[in-house]
Amino acid sequence: MQSLKDGLIYHVQAIKAGFPLTIFTSNQLIHLYSRNGLFREAQKLFDEMPQRNVFSWNAIISSHIKAQNLKRARQLFDSASYKDLVTYNSLLSGYVSTDGYEDCALELFSEMNSLDYGIRIDEISLTTMLNLTAKLEVVSYGRELHSFMVKTANDSSGFAVSSLIDMYSKCGYFQEAWRVFSGHRGVVDLVSKNAMVAACCREGKLEVAVNLFWTEPELNDNVSWNTLIAGYAQNGFEEEALYLFVRMEENGFRRNEHTFASVLSACSGLRSCKHGKEVHAWVLKNGMTSNSFILSGIVDVYCKCGNMKYAKSVHAAMGFENSFSVTSMIMGHAFHGNLVEARRLFDSLAEKSTVVWTALFSGYLKSQKCEAVFELLSEFRAKESIVPDAAILISVLGACAIKAALDPGKQIHAYILRSRIEVDKKLFSALVDMYSKSGSITYAEKLFKRGSDRDIILYNVMLAGYAHHGHENKAIQIFNEMLERGIKPDVVTFLAILSACRHSCLVELGEQFFYSMKKDYNVLPEIEHYACMIDLYGRANQLDKAKELMRKIPIESDTIIWGAFLNACRVNGNTILAREAEERLLKLEGDIGDRYVQLANLYAAEGNWDEVCRIRKKMKGKEAKKAAGCSWLYVENGVHIFISGDKTHPRTEAINFTLALLAEELYQIS
DNA sequence: CTAGGGTTAG
């Protein structure tokens, strides 16, 4: 009686013929119905049974657990005529795997410890509790369980070892996971090996994971492959994930929903709409359209690629709530500038997790809507039940950095300290960046020096900070420091270091860095790096070198390059080349106010008033305007913005009066 | 005698 069909036929025939089912058969049918989601039928059969044994009770209780009805399961548990260790373990695992019932699991476990009628905790109870420990990330409790397992000789089966590895790894104790694994001289079952591979991936140790994977590869199953594919996808090695995905089938392993969920996440990382569509087609062909991980993965790929039309249609056709998909949609809309739609989706949610909030925060930040970020924070804080977490604060600090809002930034920092929010690498970098961009390079530096485990992001933030503040020596110093610590510089690092050279007109040093980035570090210069070099040559009035580099750019020249070149022409006073740059720019970007002003200034500097007139005429027809540069300051909670000759401030008179007084005083002092 | 509870991958 394996299939539901067989079971139903048997059941119907029994009823028709009027012969009673044995307890054994009824128990089997309850399981069969429960396995196939026919919970009501399972309950009906249980209710009609004239006699029941402990297997009947266990079957009906696990049926309710499977239906996620923990309350009903508990009622049946309490009223059960027969109970054994399986009954307890069933309910325990139900509690462990259902969100919100963790306390019940702990309570039940301690109850099991104090029972005196022959029920003793066994290996299954213990591995189930390790599962809970991993979920709650309480290593001290995990250690207690571990030592209890050693004492009672429950620590060496495959189940025990794999659960211990998983627990230590998920609690963040990789070394201890490794110790459990190697405690068996590396001779463990496949599941434990897979758990260790997963632990390595979680830790970012992909090389170790691969080595482990390829030791005794004949043991590997499709979980091993899925684990490694997921590891690559999650650590930014999307190409490798796709490569393994191909190799997996070549090696005769069946792909399943886990495989496709990971591959979709790799496609998202690559922003590859093409690959996303291929996987989407495969999913449709194989009827995997009911798996929420896969569906939200598809939505995410389309969102990341900006194909919101496709994303929307997949999302709308889902037919059930999927918070991952909604989050992707909110991010997708926001990142592609449609903040109204992002907000509408956000508002449509009855329950908003902090992840959804984070999506909207980061969306607003990405669109540089800093005021919206601050307003959203007030809105968030008005909710009583939730408090901002690190992810949200990173967005808020980002908004502070853009606005150079030092005071609000400091308040966030203070809030982090007060609330004892764990400062991970991302949050730490966001803090340093905020201080640096808000003008407080000293404090950024102080904080930076306090960071013990500096990664490339943090170094890049600090480098950019030094570059912007004109501390080129310090920039070079920490560049060397990061090399000494074995951190490989990336495109951002070089942009920062070149920009430090640019601001200080260090042509030779800049050239050194520029040419070594490809040669010594295998980092290909991007358009911004070329623009930076051209600007450096321009400022140093080395137009020939700028011209030479322009010819060598392998990427199609764009407005950034020509803009930098135009500036170089201005410094050099070369109006002939400037004219060429002007034509290229107007062709590339159309009529932009800023550019006309740049051009007009260029010709004006040469005293070439005919050209200035020509540009001015062009400007008038197109209503080109350049946004004026402004200065601003924060007074208490308000920001006050001034442009040259500004009389729009409500207290202009008072301000100018005070200014006059101050000027008078200064005059008297001198 | 045959049944039920636990581990790894998104």
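Values in this document were obtained by computation on a predicted structure and should not be read as measured data. These numbers come from the heavy atoms of this one structure, side chains and all, not from hydrogens, waters or symmetry mates. Order of the sequence lines sets the chain letters (A, B, ...), proteins ahead of strands, with each chain counted from 1.
With salt bridges taken as basic N to acidic carboxylate O contacts below 4.0 Å, none links Lys193(A) and Asp189(A).
If you check every strand for non-hydrogen atoms under 4.0 Å, Arg202(A) touches sugar and phosphate atoms only. Asn291(A) comes within 4.0 angstrom of a nucleotide base, judged by non-hydrogen atoms across all strands. When heavy atoms are screened at a 4.0 angstrom cut-off, Ala230(A) is found touching the sugar-phosphate backbone but no base atom. Looking at heavy-atom distances under 4.0 Å, Ser262(A) makes contact with sugar-phosphate atoms alone, never a base. Residue-level contact check: Asp221(A) touches neither bases nor backbone, having no heavy atom under 4.0 Å from any strand. Note on Asn53(A): a base of the nucleic acid sits closer than 4.0 angstrom, heavy atoms only. Within 4.0 Å (heavy atoms only), Glu257(A) reaches at least one base atom of the nucleic acid. Looking at heavy-atom distances under 4.0 Å, Asn27(A) makes contact with a base. At the heavy-atom level, Leu85(A) lies under 4.0 Å from base atoms of the strands shown. Among the heavy atoms of the strands lying under 4.0 Å from Ser162(A) is at least one base atom, whether or not backbone atoms are also near.
Scanning DNA chain B 5' to 3' for nucleotides with an atom closer than 4.0 angstrom to a non-hydrogen atom of chain A gives a first and last hit of dT2(B) to dG10(B).
Side-chain contact between Thr22(A) and Asn27(A) is absent, with no heavy atoms from C-beta onward closer than 4.5 Å.
With a 6.0 Å cutoff to the six-membered ring centre and a 45° limit on the axis angle, Arg143(A) counts as a cation-pi contact of Tyr173(A). In this structure, Arg202(A) fails the cation-pi test against Phe174(A), since its NZ or CZ atom is not both closer than 6.0 Å to the six-membered ring centre and inside 45 degrees of the ring normal.
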Derivation and outcome, side-chain contact (heavy atoms from CB on, under 4.5 Å), residues Leu38(A) and Lys44(A): CA-CA 10 Å; Leu38(A) 303 171; Lys44(A) 187 160 176 282; over 6 Å; no
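Ring geometry, Phe253(A) versus Trp225(A): the interplanar angle falls from 30° to 60°, so the pair is classed tilted.
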